[in-house]
Amino acid sequence: YLKMCKIYIGLFICCMFSQSMAQNNDQYNFKFKSYTTLQGLSDNTIVKTVKDKYGFLWIATHNGVNKFDGLNFKTYTHDPNDSNSLRSIWIADLLIDNNQILWLSTEWGLCYYDETKDKFKYINDRSSIQLVYKMPLCNDKKNNIWIAAEDGLKKVNTATKKYINTSLKRIPDPQFIVEDNNGYLIIGTRGKGIYNYNPLNDSYKLLQFKGIPSDTHFMDAIRDKDAVWIASSEGLLLLKNNETFELFSNGLYTLKNKK
């Protein structure tokens with residue numbers, strides 16, 4: 001009798017578990033819809049997306065930037081016959097600052113969106129702010145924008161739309177820039193290390209990671225509560241206070257270092 005009770009109880013638990021899983025699957029029954037150039041997108045290579053205060057989705061591509069209202073795409077790109085158009089079709093990065101202004105980094109510079117004229121305006125001449133492949137942007141707590149360009153790190157005053165150069169005069173193949181919780185800027189490159197920049201005294205240093213190859217590709221990063229998570233060709237890197245790092249590779253905790 002006890003054996004039969006155990007069997008019935010076991011079957012009851014299995015049924016309840018299966019029902020719960022089925023309900024959860026129904027709850028998270030995601031549906032995806034694909035948008036391509038056939039639906040009006042200017043290019044199928046998507047670099048980044050952001051949503052503005054009106055709910056428009058801005059989509060950076062390698063053939064201009066698209067504004068999507070949920071039904072239709074509007075494309076902003078380079079027009080050789082229009083001096084007010086984008087200088088290039090190549091969009092490297094985009095962000096929305098604390099004042100809800102959209103900024104783009106493109107070949108030949110940095111521009112912002114003037115919604116009253118429905119145009120993008122550049123803040124630099126063509127000879128400055130160099131882009132080779134990527135030119136990542138970062139918005140800090142004081143609403144400054146930082147540009148990691150081939151010809152160095154630049155600071156943009158979003159109120160005046162002016163920028164200044166910093167002591168970091170060259171960043172080879174920059175891939176990302178992020179502000180950590182201490183106000184330092186962490187700048188990753190492809191095969192040339194990670195730079196740590198201090199905005200308070202305009203100084204920087206190249207971080208050294210013992211046990212990690214010097215030609216490692218540091219491709220992207222995100223700030224956490226007390227650390228920065230960095231995607232690299234060697235695995236997932238956890239950087240804390242610019243002094244301690246931990247490396248996770250192949251699902252394993254593989255390396256730890258304290259300076």
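Just so you know, residue 1 is the first one in the sequence shown, and it goes up from there. No experiment lies behind these values; they were computed from the predicted model shown.
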Between D114 and T116, does any side-chain donor sit less than 3.5 Å from a side-chain acceptor? yes
Is there a chain of hydrophobic side chains (I, L, V, M, F, W, Y, each step under 4.5 Å between heavy atoms) that links L86 to W90? no
Any donor-acceptor pair under 3.5 Å linking the side chain of S249 with the backbone of G235? no
Main chain of H78, side chain of S85: is a donor-acceptor contact present, judged purely on distance under 3.5 Å? no
Using modelled atom types and a 3.5 Å cut-off, is there a donor and acceptor pairing between side-chain atoms of D224 and backbone atoms of A227? no
Taking the inter-plane angle between the rings of F209 and F218 on a 0 to 90° scale, is it parallel (under 30°), tilted (30 to 60°) or perpendicular (over 60°)? tilted
Should we count NZ of K162 as having more than 12 external heavy atoms under 6.0 Å? no
For I91 and S88, the nearest pair of non-hydrogen atoms, with its separation, is CD1-O, 4.4 Å
List the atom of Y195, the atom of P172, and the distance in Å for their closest heavy-atom pair. OH-CD, 3.6 Å
Starting at CD1 of I145, measure out to CG of N157 and round the result to the nearest 0.5 Å. 10.0 Å
Which heavy atom in N139 sits nearest to a heavy atom in L95, and how many Å separate them? N-CD2, 3.9 Å
Treating N124 as the side-chain partner and L110 as the backbone partner, does any N or O pair qualify as donor plus acceptor under 3.5 Å? yes
Measure from the side-chain N and O atoms of D220 to the backbone N and O of I230, and report whether any donor-acceptor pair falls under 3.5 Å. no
Side-chain ion pair, R87 and E107, N-O less than 4.0 Å: no
Establish, from distance only, whether the side-chain atoms of S105 and D93 form a donor-acceptor pair under 3.5 Å. no
Between I129 and A149, which heavy-atom pair has the shortest distance, and what is it? CG2-CB, 4.3 Å
Among residues at least two apart in sequence or on other chains, which ones pass ring-ring contact (aromatic ring centres under 6.0 Å, His included) with Y112? W103
d(R170 CZ, T189 OG1) to nearest 0.5 Å is 10.0 Å
Indicate the ring-plane relationship of F120 and Y113, choosing parallel, tilted or perpendicular according to the 30° and 60° boundaries. tilted
Ring pair (Phe, Tyr, Trp, His ring centres under 6.0 Å) contacts touching residues 137-184 (sequence neighbours left out): W146-Y197
For the residue pair W58 / N66, report whether a side-chain donor-acceptor contact shorter than 3.5 Å exists. no
Quick one, V178 with I222, criterion side chain to side chain contact (heavy atoms under 4.5 Å, CB included). Give me CA distance, side-chain angles, the key distance, then yes/no. CA-CA 7 Å; V178 63; I222 187 171; over 6 Å; no
Side chains of N165 and K154: donor-acceptor distance under 3.5 Å anywhere? yes
Evaluate the criterion side chain to side chain contact (heavy atoms under 4.5 Å, CB included) for residue pair L137 and L94; output intermediate values, then yes/no. CA-CA 7 Å; L137 305 174; L94 78 170; 5.7 Å; no
Is there a donor-acceptor pair under 3.5 Å between the side chain of N181 and the backbone N or O of K225? yes
Atom CG of residue position L236 - does it have more than 12 heavy atoms of other residues, nucleotides or ligands inside 6.0 Å? yes
Single-linkage hydrophobic cluster I96~Y54, side-chain heavy atoms < 4.5 angstrom: yes
Could you tell me if N198 and D202 have a donor-acceptor pair between their side chains, going purely by distance under 3.5 Å? no
Rounded to the nearest 0.5 Å, the CD1 atom of I147 sits from the NZ atom of K155 at a distance of 12.5 Å
Judged by modelled atom types alone, do S42 and Y76 share a side-chain donor-acceptor pair under 3.5 Å? no
Out of curiosity, does V228 fall in the hydrophobic cluster containing F245 (side-chain heavy atoms, cut-off under 4.5 Å, transitive links)? yes
Measuring only between side-chain heavy atoms, which start at C-beta, is L237 closer than 4.5 Å to E246? no
Run through the side-chain heavy atoms of Ile, Leu, Val, Met, Phe, Trp and Tyr, join any pair under 4.5 Å, and report what else lands in I46's cluster. Y35, L41, L57, I59, F68, F73
What distance separates K117 NZ from N84 CG, expressed to the nearest 0.5 Å? 8.0 Å
List the steps, then state whether side chain to side chain contact (heavy atoms under 4.5 Å, CB included) holds for L207 with L239. CA-CA 11 Å; L207 299 180; L239 180 63; 3.9 Å; yes
SG-NZ distance between C111 and K121, expressed to the nearest 0.5 angstrom: 12.0 Å
At their closest point, which heavy atom of P174 faces which heavy atom of A148, and how far apart are they? CG-O, 3.4 Å
Does this structure show an ion pair linking D173 with K134, if we count only N-O contacts that are shorter than 4.0 Å? no
Is I89 reachable from W108 through a run of hydrophobic residues whose side-chain heavy atoms are each under 4.5 Å from the next? no
When you check the gap from the basic side-chain N to the acidic O, do K240 and D226 get nearer than 4.0 Å? no
I177 side, atom CD1; I186 side, atom CD1 - distance, nearest 0.5 Å: 9.5 Å
K119 and D82 ion-paired at < 4.0 Å: yes
Going by heavy atoms in the side chains, are T77 and N63 under 4.5 Å from each other? yes
V156: which of N143, D97, I123 passes side chain to side chain contact (heavy atoms under 4.5 Å, CB included): I123
Minimum heavy-atom distance between S128 and D151, given as atom pair plus value: C-OD2, 4.0 Å
Taking side chain to side chain contact (heavy atoms under 4.5 Å, CB included) as the criterion, tell me which of D69, D118, V65 meets it with K74. D118
Are E115 and K53 close enough, and set up right, to give a side chain to side chain contact (heavy atoms under 4.5 Å, CB included), and what steps lead you there? CA-CA 12 Å; E115 65 179 57; K53 61 184 177 182; 3.9 Å; yes
